[in-house]
2 protein chains.
Amino acid sequence: MIYYEDLIPGRRFHTASHTISEDEIIQFARQFDPQPFHTDPQAAKASVFDGLAASGWHTSSLTMSLVTSCELKNVANGLIGMGIDKMRWPRPTRPGDTLSAQIEVLEQKASTSQPDFGVVRLRWTTHNQQQQIVMQLETAIWVARRPTQTAAE
Amino acid sequence: MIYYEDLIPGRRFHTASHTISEDEIIQFARQFDPQPFHTDPQAAKASVFDGLAASGWHTSSLTMSLVTSCELKNVANGLIGMGIDKMRWPRPTRPGDTLSAQIEVLEQKASTSQPDFGVVRLRWTTHNQQQQIVMQLETAIWVARRPTQTAAE
């Protein structure tokens, strides 16, 4: 189990990787972001993306799936995001790209209202197989503190 | 067609609505956010969510699909988000919730490097059927300026 106390600023976690197919890109986009540069390889060539590109929401959701299967999945009360800031997609995700993410602890802050919890700010960075950044964000998660051990009587 | 010049601060757009099913919530979460409070109605009852809740990434992606089918889909060069800030989920999306979104133009800024484009900052707010906010974010989009008309010779 990972508790608030374990998430020291500077600590890093690394996820596994996932290779995204053209089919996955098109299927996600048809459901959630049906714009031609995400759904139609031909039309995408004539767009600002110069070829099929995954919806940014797909890149971000896929990163979530990578994060939930890395060591951070052991956070005691689950990975509960309070919000997202500074989410950027410096370059598009392309069919065949292999994505993986790194999570860095930025800051810890104990809750004043709920002494059993704290807020931990993280930066997620998602790279492709060429180590180019395809997504970055900052998030704050709500994390349980390690239970105090009562001395044995 | 909607151009930069049409996106005056204060202008609002309203999307259609979508009713989300338990199956949709579980299917999205299994793929992108497989935590018990998003995938298992029984386990979710014992969690901080006190019942099944959609992944925040699902609520946000669903909002994208609503935005791409509202009047804003007519933005000349497509809806190209440069980034997302201040994304929050003040309350969870539940099975059976009917979501719709409102988009408000916050700010316009002409591009200094590319005179045919500008940046428009928008706030998206997603409500459930009880008019409670389930998601809010701010985004900047990259928008073509209206082409200058050349006088006929």
Side-chain angles (χ1 to χ4, degrees), chain A residues 18 24 27-39 43-44 46-49 53 55-69 72-90 92 114 116-117 135-144, chain B residues 18 24 27-39 43-44 46-49 53 55-69 72-90 92 114 116-117 135-144:
Chain A
H18 177 84
E24 282 172 78
Q27 198 185 327
F28 184 98
R30 279 193 183 145
Q31 195 173 355
F32 296 113
D33 192 353
Q35 303 192 82
F37 37 71
H38 299 318
T39 59
S47 78
V48 65
F49 289 110
S55 167
W57 295 105
H58 193 182
T59 300
S60 297
S61 297
L62 181 55
T63 301
M64 182 72 201
S65 79
L66 294 171
V67 173
T68 56
S69 56
L72 265 181
K73 74 178 169 190
N74 298 318
V75 164
N77 54 318
L79 275 168
I80 300 178
M82 303 172 69
I84 304 284
D85 283 285
K86 300 182 188 172
M87 183 157 71
R88 302 289 181 270
W89 301 280
Q114 297 198 46
D116 296 342
F117 288 88
M135 199 277 290
Q136 195 165 55
L137 62 76
E138 290 185 18
T139 183
I141 61 171
W142 181 244
V143 188
Chain B
H18 177 84
E24 283 172 78
Q27 198 185 326
F28 184 98
R30 279 193 183 144
Q31 195 174 356
F32 296 112
D33 192 353
Q35 303 192 83
F37 37 72
H38 299 318
T39 59
S47 78
V48 63
F49 289 109
S55 167
W57 296 105
H58 193 182
T59 299
S60 297
S61 297
L62 182 54
T63 301
M64 182 72 200
S65 79
L66 294 171
V67 172
T68 57
S69 56
L72 265 181
K73 75 177 169 191
N74 298 318
V75 164
N77 54 317
L79 276 168
I80 300 178
M82 303 172 68
I84 303 284
D85 284 285
K86 300 183 188 171
M87 183 157 70
R88 302 288 181 270
W89 301 280
Q114 297 198 46
D116 296 342
F117 288 88
M135 199 277 289
Q136 194 165 56
L137 62 76
E138 289 185 19
T139 183
I141 62 171
W142 181 244
V143 188

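Letters go in sequence order (proteins before strands), and every chain restarts at 1. Excluded from the calculations below are hydrogen atoms, water molecules and symmetry mates; all remaining heavy atoms, backbone and side chain alike, are included.
In this structure, the portion of Q31(A) lying under 4.5 Å from any heavy atom of chain B is its backbone and not its side chain.
Taking the six-membered ring where the residue is Trp, F28(B) and F28(A) present tilted rings, their angle falling between 30° and 60°.
Side-chain contact between W89(A) and M82(B) is absent, with no heavy-atom pair separated by less than 4.5 Å. Within the 4.5 Å cutoff, the side chain of D85(A) has heavy atoms near those of the R88(B) side chain.
Heavy-atom pairs under 4.5 Å with chain A peak, among F49(B), F37(B), W142(B), at F37(B). Per-residue heavy-atom pair counts under 4.5 Å with chain A were compared for V48(B), N77(B), I80(B), and the maximum is reached by I80(B).
Within the 3.5 Å criterion, the main-chain N or O of G78(B) finds no donor-acceptor partner in the side chain of Q35(A).
Residues passing the salt bridge (charged side-chain N to carboxylate O under 4.0 Å, His left out) test with D33(B): none are found, sequence neighbours excluded.
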Under 3.5 Å, which donor-acceptor pairs do the side chains of residues 61-69 of chain B form with other protein atoms, sequence neighbours left out?
unit_1 : atom_1 : unit_2  : atom_2 : d
S61(B) : OG     : W57(B)  : O      : 2.8
T63(B) : OG1    : T59(B)  : O      : 2.8
T63(B) : OG1    : T126(B) : OG1    : 2.9
S65(B) : OG     : L62(B)  : O      : 2.7
T68(B) : OG1    : M64(B)  : O      : 3.3
T68(B) : OG1    : S65(B)  : O      : 3.0
S69(B) : OG     : S65(B)  : O      : 3.2
S69(B) : OG     : L66(B)  : O      : 3.1

